[in-house]
Amino acid sequence: MVEIAEVQRGLEDVVALESRICFIDGKQGRLIYQGYDIRDLAARSTFEEVAYLLWYGRLPTASQLTDLKTRFGALRSLPHQVCQQLDQLPAEASPMDVLRTTVSALALYEPDETRPGASSIGGAQRLTAVLPTILGEFHRRRRGLPALTPRPELSQAAYLLYAILNREPTELEAKAMDVALILHADHELNASTFAARVTASTLSDLYSAVTSAIGTLKGPLHGGANERVMQLLDEIGSVGRVEEIVHGKLVRHERVMGFGHRVYKVEDPRATILRDWSRRIGEAAGNLHYYELLRKVEEVVHREKGLYPNVDLYSGSVYSLFGIPPDLFTPIFASSRVAGWTAHVLEEYQDLRLIRPTAKYVGQVDLPYVPVAQRS
Ligand code: ACO
């Protein structure tokens, strides 16, 4: 039989391609988008600037930024056929399933400029602009809230909050959401981005690639962890119960969501920034319940397993204080990561090589074929 090199389970440490978009230094705890440190971007830029940076490889000038904001505002509406499909979806459906299904359906009705197969930034902008609308339209239908208007004057962060909450976000809320969107916008070859690039590497279209990515992000070991963190906090209930519950999980070898990372061996810099925002939003709301629980959970997990928090630990505590239901946390993640997915898909189209690894076959060979009537 043909000799196969050592298996790298989970493709760990396998370098699959070259990319200019994102760099993670897992030992130093650094994250870089197109040359810029995430801490600078979170402190000083906006999600719109970051999306532009990911797609074009440079920060926008003032007029380029204005143009992009105008385009986002103009690209927020859904075709009526897609709205009709949303009317038919069960109210109890998972919002990630709704997002995946609706992005796939959207591809059927797009005008020429953004239609599937167009390997253009137009498609990337359209998908980034419209994901909050899909979430808002579904959420408003299931809660019986008024229909959504595109509100082109709002930033993506403020629009996302408005779409879900059906109220104007405060300046602080919009800023916190903007920072969260910046922090989630890209992360090198994470599982969902890899899925998008695999799809694109077959020369399939942008919408198919993003549909693959949404399905991949949904899993609890990836984007789905943020929702599970809030389930854990609800189960714990009070700081006095953290030791007992978290210790019990670790003894049973259960995973504590929001901790550990394939690449970071130190604290995820996104967790550091979100921890601070969790405290700030908690103080503004006069409610530090989640923040204090999470600090204690961190202490126990680090002491017992040496694990650090990842980006998913603190995001839910911020969103919950805004009044966002937990099943929208991962779709919010997708509304940001779509900028990174599409940047990677466009990069893949520029330097295309079919992604097709090899498996080590551990099954049998040369079995004699037995006709069906003779099988026992
Ligand atoms: N809770 C408890 N134990 C953990 C955790 C955790 N969150 N993460 C890792 N470990 C333990 C594993 O049980 C394993 O222990 P063992 O050697 O005694 O069996 C050891 O640490 C190594 O874990 P691996 O699964 O080999 O590490 P890997 O790099 O494959 O996993 C992952 C990374 C999947 C993120 C993991 O840390 C995990 O499951 N975390 C919880 C889910 C989560 O928060 N996901 C979000 C990640 S960030 C993102 O995708 C946006």
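In listed order, ligands and their atoms are each counted from 1. This is a predicted model, so every value here is computed, not measured.
Under the 4.0 angstrom criterion, atom 1 (N) of ligand 1 counts as having a protein heavy-atom contact.
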Tabulate below the donor-acceptor pairs under 3.5 Å that side-chain atoms of residues 232-241 make, not counting sequence neighbours, or state none.
unit_1, atom_1, unit_2, atom_2, d
R241, NE, I236, O, 2.7
R241, NH2, E235, O, 3.1

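Contact atoms of ligand 1 toward M257: 42 (C), 44 (O) (distance under 4.0 Å to a heavy atom of the residue). Atoms of ligand 1 lying under 4.0 Å from any heavy atom of F333, numbered from 1 in the order shown and given with element: 51 (C). Interface of G258 with ligand 1, defined as ligand atoms under 4.0 Å from a residue heavy atom, comprises 43 (C), 44 (O). Atom numbering of ligand 1 starts at 1 in the shown order; those under 4.0 Å from a heavy atom of A225 are 43 (C), 44 (O), 45 (N), 46 (C). Taking every heavy atom of E254 and a limit of under 4.0 angstrom, the matching atoms of ligand 1 come to 2 (C).
Counting non-hydrogen atoms of other residues, nucleotides and ligands closer than 6.0 Å to CD of E18 gives a total of 12 or fewer.
Here the heavy atom of the protein found nearest to atom 47 (C) of ligand 1 is N310 ND2, 3.5 Å.
Residue contacts with ligand 1, taken as heavy atom pairs separated by less than 4.0 Å, involve V311 solely via side-chain atoms from C-beta onward. Residue L307 touches ligand 1 through its side chain alone, judged by heavy-atom distances below 4.0 Å.
Counting only non-hydrogen atoms, the option in K305, H222, H261, R228 that gets closest to atom 50 (O) of ligand 1 is H222. The residue among R270, H253, R262 with a heavy atom at the shortest distance from atom 30 (O) of ligand 1 is R262.
For residues 367-376, the side chain to side chain donor-acceptor pair (under 3.5 Å) pairs, not counting sequence neighbours, are Y369-R375.
The closest approach between N190 and ligand 1 stays at or above 4.0 Å for every heavy atom of the residue.
Looking at E48 and K69, no side-chain N of the basic residue comes within less than 4.0 Å of a carboxylate O on the acidic one, giving no salt bridge. The existence of a salt bridge linking K296 and E243 is confirmed by a sub-4.0 Å separation between a basic side-chain nitrogen and an acidic carboxylate oxygen.
A cation-pi arrangement is absent between R167 and Y162, since the terminal nitrogen or guanidinium carbon is not both under 6.0 Å from the aromatic centre and inside a 45° cone about the axis.
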